[in-house]
Asks: 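Sharing a structure, written as structure tokens. Questions coming.
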Amino acid sequence: MDPAALHRLFGALSSRRGGESTAIELPGADLAAAHLLCADLQGANLAGARLDGAKLGGANLAGARLDAASLVNADLTGADLRWADLSGALLGGALFTAADLRGARLPRSFSSASSLSGARVDASACARSGLDEEAVLALAGAGASFDDIASFSSPLRDALASAGAVVESAERSRRLAPPESQRVSAPPDSQRLGAGPESQRVSAPPESQRVSAPPDSRRLGAGPDSRRMTAAPPSQRIPEAPSSQRVSAPPESQRMHAPPESRRHGAAAGAPRRAAGASRQLAEEPLLARPVELRLALAGGALLLVLATAVALAKIPPPGLLRAAHAGGAVGAALLTFALPLLGTERGATRALAARLVLAALVATLVHGVDPSRLAAFRLRATLVSGDAAGRAAAVRLLARSGHRHFDGLDLSGLELASADLTQTSFRNARLAGADLSGAALMESTFEGADLSGANLRGADLSGADADQARGWELAECDAATELPGDGACVLGHPVRAPQPAQDATARSGHEGAPPAGAL
């Protein structure tokens, strides 16, 4: 609370109590939790003011500016807010019990106030605020009562009446006007008696008796007093009634009264249907408000980001983290679908929510099939391209250990990969020149187009490997412990491929056709 602003406000209120017309200009003032019960704040400028928790019960705020003000948990019970401007105000938890809001400009979220029981709203307030029928019904559902509903559409008037949200005087003026005119033309007493003109003049309606017929003249029935009674202006109008009553006999007058009665019965019979229609309109509100959906989507996005970061930073993601990434990724993707605007909401809130859940389940199923360990592979493969020699060698070992066996086209020259498990690994068109592969397990690996010039293959196991089309094979280094593919042999420290069958046959045929040694 701002003490200076509160001091200025109390000074202005004191001046008003002294009869002065002091203007109150406190836009944006901090008056939180101020006690202003029954204060005269008519026409005050409190735009953007902070009035959270303020006590404004019974205050006169007619014509006041409260646009963009914060009235969270404020108490405005019985306050006069006629023609006040509440557009853009924050009203969460505010009390508007029995407040007069006729002609006021209201925010569309006005129904979020804690209590609107007995608050009076009229058609002009709804028109100024741009409230549609759905918002009007929401106010009625929150407990507000409506005056001057003649400008509303007939279905909306019926829905408000069936919900009991119409002020009694407004309801009477809307529905009981025809019976009132009929009571003037056909007095109830004469209808019940059914007497002729003489008795009708004697038993005139109570009002005419009070105005122009003293008790004595009524008892005498014939004399100067009775003449005065007939000469008086009210009595002249009253004797004209019998002629109309003779034309409209009692059965006819009963038929005249029948339509309003039937209308009332019809309204009573149709009230459940109108109430059901109003409840259906209220039920068409989405089961999940848009802010709630956006919060769920934000939570899902945050979960996906956390899991992706954890998997990407792990050198080798453990099985537990991978399982958590599978389940959490599916849940996060499902929640992220709530950020999408969903079509078909006009078919009902329940169907819209069901469609939303079906979409979330479909996306969760698709995301669950993604292998999260590939995130770590992407990071390690980036290291193979741009890292130093030690980092690249470690990346090869980690990738091979986690099951990634494809190093096609990569530059692995000069890396220290001694005793590495590279079984069934593809090195197509890779550069392994000068790489240390001593003691490595290279069984059934593929070296098609790979450059092995100067590679250290001492003690390596290449049994079953495809090295027929490797480049620089004879320039690699080997020893007696090297297991070479096929019938290859290590000659003078370098691997030698086994001779081809065609070459063996040519050599054998040439040997057989040669003359014996020592022949002349």
Asks: Measuring from L422:CG to E444:CD, what's the distance to the nearest 0.5 Å?
Replies: 13.5 Å
Asks: With no hydrogens and no angle check, do the side chains of S153 and E133 hold a donor and an acceptor under 3.5 Å apart?
Replies: yes
Asks: I want to check something: taking the side chain as every heavy atom from C-beta on, are L452 and L475 in contact at a cut-off of under 4.5 Å?
Replies: no
Asks: side-chain contact (heavy atoms from CB on, under 4.5 Å) for D2 and L31? Distances and angles first, verdict last.
Replies: CA-CA 6 Å; D2 186 359; L31 300 172; 6.0 Å; no
Asks: Rounded to the nearest 0.5 Å, what separates atom CZ in R397 from atom CG in D421?
Replies: 10.5 Å
Asks: Taking the basic N atoms (NZ, or NE/NH1/NH2) and the acidic carboxylate oxygens, is any pair closer than 4.0 Å for E25 and R8?
Replies: no
Asks: In Å and rounded to the nearest 0.5 Å, what is the CE to CG distance from M443 to D461?
Replies: 5.0 Å
Asks: Which heavy atom of A360 sits nearest a heavy atom of T337, and at what distance?
Replies: CB-OG1, 3.5 Å
Asks: Please answer whether the main-chain N or O of C478 pairs with a side-chain N or O of T482 as donor and acceptor at a distance below 3.5 Å.
Replies: no
Asks: Going by heavy atoms in the side chains, are L36 and F10 under 4.5 Å from each other?
Replies: yes
Asks: Does any part of the side chain of L304, heavy atoms only, come nearer than 4.5 Å to the side chain of L336, both counted from C-beta?
Replies: yes
Asks: Mind checking the CG-CG spacing from L41 to L56? Nearest 0.5 Å is all I need.
Replies: 7.0 Å
Asks: Can you see which heavy atom on R105 is nearest to which on D85, and at what distance?
Replies: CD-OD1, 3.2 Å
Asks: Relative to each other, are the rings of H326 and H368 parallel, tilted or perpendicular (30° and 60° limits)?
Replies: tilted
Asks: Measure across A455 and L432 and return the closest heavy-atom pair with its distance rounded to 0.1 Å.
Replies: CB-O, 3.6 Å
Asks: How far apart are the closest heavy atoms of D479 and C490, and which atoms are they?
Replies: N-SG, 3.6 Å
Asks: Taking side chain as C-beta onward, heavy atoms only, is L81 less than 4.5 Å from L66?
Replies: yes
Asks: Is E477 close to R458 at the side-chain level, that is, under 4.5 Å between some pair of heavy atoms?
Replies: yes
Asks: Rounded to the nearest 0.5 Å, how far does CG of L91 lie from CG of L116?
Replies: 9.0 Å
Asks: Strictly distance-based, threshold 3.5 Å: is any side-chain N or O of S70 a donor or acceptor partner for the main-chain N or O of R50?
Replies: no
Asks: Is there a donor-acceptor pair under 3.5 Å between the side chain of R120 and the backbone N or O of D100?
Replies: no
Asks: Write down the atom of L51, the atom of A74, and the distance for their closest heavy-atom approach.
Replies: O-CB, 3.6 Å
Asks: Taking R471 for its side chain and G449 for its backbone only, find out whether a donor-acceptor pair lies under 3.5 Å.
Replies: yes
Asks: Taking atom CZ as the centre, does R431 end up with more than 12 heavy-atom neighbours from other residues, nucleotides or ligands that are less than 6.0 angstrom away?
Replies: no
Asks: Within the side chain of S129, is there an N or O that forms a donor-acceptor pair under 3.5 Å with the backbone of C126?
Replies: no
Asks: Scan the side chains in residues 406-416 for donor-acceptor partners under 3.5 Å anywhere in the protein, sequence neighbours excluded, and list what turns up.
Replies:
residue	atom	partner	partner atom	Å
D408	OD1	S426	OG	2.5
D408	OD1	R428	N	3.1
D408	OD2	S426	OG	3.4
D411	OD1	S413	N	3.3
D411	OD1	S413	OG	2.7
E416	OE2	A418	N	3.2

Asks: Is there a side-chain contact between F338 and L294 (heavy atoms, below 4.5 Å)?
Replies: no
Asks: How close do P107 and L131 get, counting heavy atoms only, and between which atoms?
Replies: O-CD2, 4.3 Å
Asks: Give a yes or no answer on whether the side chain of D52 reaches the backbone of A54 with a donor-acceptor pair at less than 3.5 Å.
Replies: no
Asks: According to salt bridge (Lys or Arg N to Asp or Glu O under 4.0 Å), who are the partners of R65, at least two apart in sequence or on a separate chain?
Replies: D67
Asks: Under a 4.5 Å cut-off applied to non-hydrogen side-chain atoms, are W473 and L457 in contact?
Replies: yes
Asks: With heavy-atom distances below 4.5 Å as the criterion, would you say the side chains of L305 and T309 are in contact?
Replies: yes
Asks: Are L156 and L137 close enough, and set up right, to give a side-chain contact (heavy atoms from CB on, under 4.5 Å), and what steps lead you there?
Replies: CA-CA 8 Å; L156 181 58; L137 288 174; 4.0 Å; yes
Asks: Once rounded to the nearest 0.5 Å, what's the spacing between atom OG of S117 and atom CZ of F96?
Replies: 13.5 Å
Asks: Could you walk me through whether L298 and L335 pass the side-chain contact (heavy atoms from CB on, under 4.5 Å) test, one step at a time?
Replies: CA-CA 8 Å; L298 185 61; L335 293 177; over 6 Å; no
Asks: Does T425 reach the main-chain N or O of L442 with its side chain, forming a donor-acceptor pair under 3.5 Å?
Replies: no
Asks: Take E293 and R356, measure what salt bridge (Lys or Arg N to Asp or Glu O under 4.0 Å) needs, and give me the verdict at the end.
Replies: CA-CA 10 Å; E293 291 183 342; R356 175 77 78 187; 3.3 Å; yes
